[in-house]
Amino acid sequence: MPELPEVESARAVIERSALGRRIDDVDDTDSWVCRPHPPGEIRAALLGRRLVAAHRRGKSMWIETSGDHVLGIHLGMRGRILVTERHGGVDEGGDYVGTRPQRTPVKAEWDRFTLHFADGGALRLFDKRRLGRVRLDPDIEALGPDAGEVRLADFRKLVGASRTPVKARLLDQHAVAGVGNLLADEVLWQAAIAPERPADELDAAEVARLHRELRTAIRHAIKRGGVHTGEVIAHRKAGEHCPRCGAPMRRTEVGGRTTWACSVEQPAG
DNA sequence: ACTCGTGTTAGCTG
DNA sequence: TCAGCTAACACGAG
């Protein structure tokens, strides 16, 4: 379930384990994951190059290379990055299930994209769901500012100035980048704001609270190992109660996504 | 057996 | 221009 914190762990893996290694071969034959590039196009752009720097905004990563192109990687819903050494050591980051990293996967048919390094190791995008994406020269500027770094004044303009339900606004990667469904529920619960409230009806204090809780939740999730460590996440199911006030959790749909909220502290319209 | 879902986005409709 | 819906991907969980 890569959300921003999981993507950051994957970016860090690339930064510490893959930079500087010469690309010897590229498997870009999955034309769905590599769309719109035809097989061979990404390969041709990267052969003989090295990875120079790994960046992230929200859930999107981009990797500078020693050539003319930037390599964009998105983990989708279940993608993981694995960087291997010639002699079998593995560094990995990305999707987490429960509170622990999954065991290192071995099924090669779930490798959707691979950079083979001249030293015998590789960087793999492992993604059972095939919702991850690899592309050259992604348009990073189309994204909003990173959700963990956005300033209050910008947040107010980007999130708080729309008639759309505030949760849908948080999920819009063009407004702020990096908030997924679980993180949105956690942040709205922490701020005690009902997810279906029109964003532009929040008062100044509520917007400020939402902004503060967003940054806090992201910081905690990065430190603790993922969004699933949020306080309310385990209570997103039928029969559960709010861990703060004990009221029943309610389920609804906002912005097309399953949404859980406290029935008392985040009351429905 | 069957339904739902942690994500994104092109393409469509109103 | 904005907002909402659907399909596409393929698997795991309940």
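Any value given below was found using the heavy atoms of this structure, including those in side chains, with hydrogens, waters and symmetry copies removed. So that the names make sense, note that chain A is the first sequence line, chain B the second, and so on, each numbered from 1.
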Worksheet item: Expressed in angstrom and rounded to an integer, what is the separation of A:Arg78 atom CZ from B:dG5 atom C1'?
Response: 10 Å
Discussion item. Nearest whole Å is fine: how far is C:dC2 P from A:Arg163 CZ?
Written reply: 10 Å
Worksheet item: If we only count heavy atoms from C-beta on, is the A:Glu6 to A:His228 side-chain gap below 4.5 Å?
Response: yes
Practice prompt. Could you state the atom-to-atom distance from NE2 of A:His74 to C1' of B:dA10 in whole Å?
Written response: 15 Å
Discussion item. Side chain of A:Thr258 only, heavy atoms from C-beta on: which candidate in C:dG12, B:dT8, B:dG5 is closest?
Written reply: B:dG5
Worksheet item: Between the base of C:dA10 and the side chain of A:Arg130, is there any donor-acceptor pair under 3.5 Å?
Response: no
Worksheet item: Are A:Phe117 and A:Asp24 close enough that some pair of their side-chain heavy atoms sits under 4.5 Å apart?
Response: no
Response to the item:
Encoded 5' to 3' (Watson-Crick or G-U under 3.5 Å; [ ] crossing; | other strand), DNA chain C becomes .||||||||.||||
Worksheet item: Of all heavy-atom pairs between A:Asp28 and A:Ile42, which one has the smallest distance, and what is that distance?
Response: OD2-N, 3.2 Å
Practice prompt. Tell me what A:Arg35 touches on the nucleic acid: a base, only sugar-phosphate, or nothing, going by heavy atoms under 4.0 Å.
Written response: nothing
Discussion item. Using a 6.0 Å distance limit plus a 45 degree cone around the ring axis, check whether A:Arg244 lies over the aromatic ring of A:Trp189.
Written reply: yes
Worksheet item: Which residues pass the side-chain contact (heavy atoms from CB on, under 4.5 Å) test with A:Ser31, sequence neighbours left out?
Response: A:Pro39
Worksheet item: A:Lys237 NZ to B:dC4 P: how many Å, rounded?
Response: 19 Å
Worksheet entry | Identified side-chain contact (heavy atoms from CB on, under 4.5 Å) counterpart of A:Val166 within the set A:Val187, A:Val207, A:Leu210 | A:Leu210
Fill in: Minimum-distance pair of heavy atoms, taken over all atoms of A:Glu186 and A:Ala217
CG-CB, 4.4 Å
Practice prompt. Indicate, with a heavy-atom threshold strictly under 4.0 Å, whether A:Arg251 touches base, sugar-phosphate, or nothing.
Written response: sugar-phosphate
Worksheet entry | Between P of C:dG4 and NZ of A:Lys167, the distance in whole Å | 14 Å
Worksheet item: Which of residues 170-181 of chain A sit near DNA chain B, with a heavy atom under 4.0 Å from it?
Response: A:Gln173, A:Gly180, A:Asn181
Practice prompt. Answer yes or no: does a side-chain N or O of A:Ser162 lie under 4.0 Å from OP1 or OP2 of C:dA3?
Written response: yes
Item to complete: Indicate yes or no: does A:Glu109 engage A:Lys128 in a salt bridge with an N to O separation below 4.0 Å.
Response: no
Worksheet item: How long is the line joining CZ of A:Arg129 and C1' of B:dG7, in whole Å?
Response: 9 Å
Worksheet item: What's the verdict on side chain to side chain contact (heavy atoms under 4.5 Å, CB included) for A:Cys262 and A:Arg250, showing C-alpha distance, side-chain angles and the deciding distance?
Response: CA-CA 6 Å; A:Cys262 173; A:Arg250 68 183 175 94; over 6 Å; no
Item to complete: For C:dA8 versus B:dA1, give the span between their P atoms, rounded off to a whole number of Å.
Response: 24 Å
Discussion item. From CE of A:Met77 over to P of C:dA10, roughly how many Å is that when rounded to an integer?
Written reply: 14 Å
Discussion item. Quick check for you: among C:dG4, B:dG7, B:dT9, whose closest atom lies nearest to any side-chain atom of A:Pro165?
Written reply: C:dG4
Discussion item. Strictly below 4.0 Å: does A:Trp110 bring a side-chain N or O up to OP1 or OP2 of C:dC11?
Written reply: yes
Worksheet, complete the sentence: Rounded to whole Å, CG of A:Asp185 lies from P of B:dG5 at a distance of 12 Å
Worksheet entry | Heavy-atom check, side chain of A:Leu188 versus side chain of A:Lys167, under 4.5 Å | yes
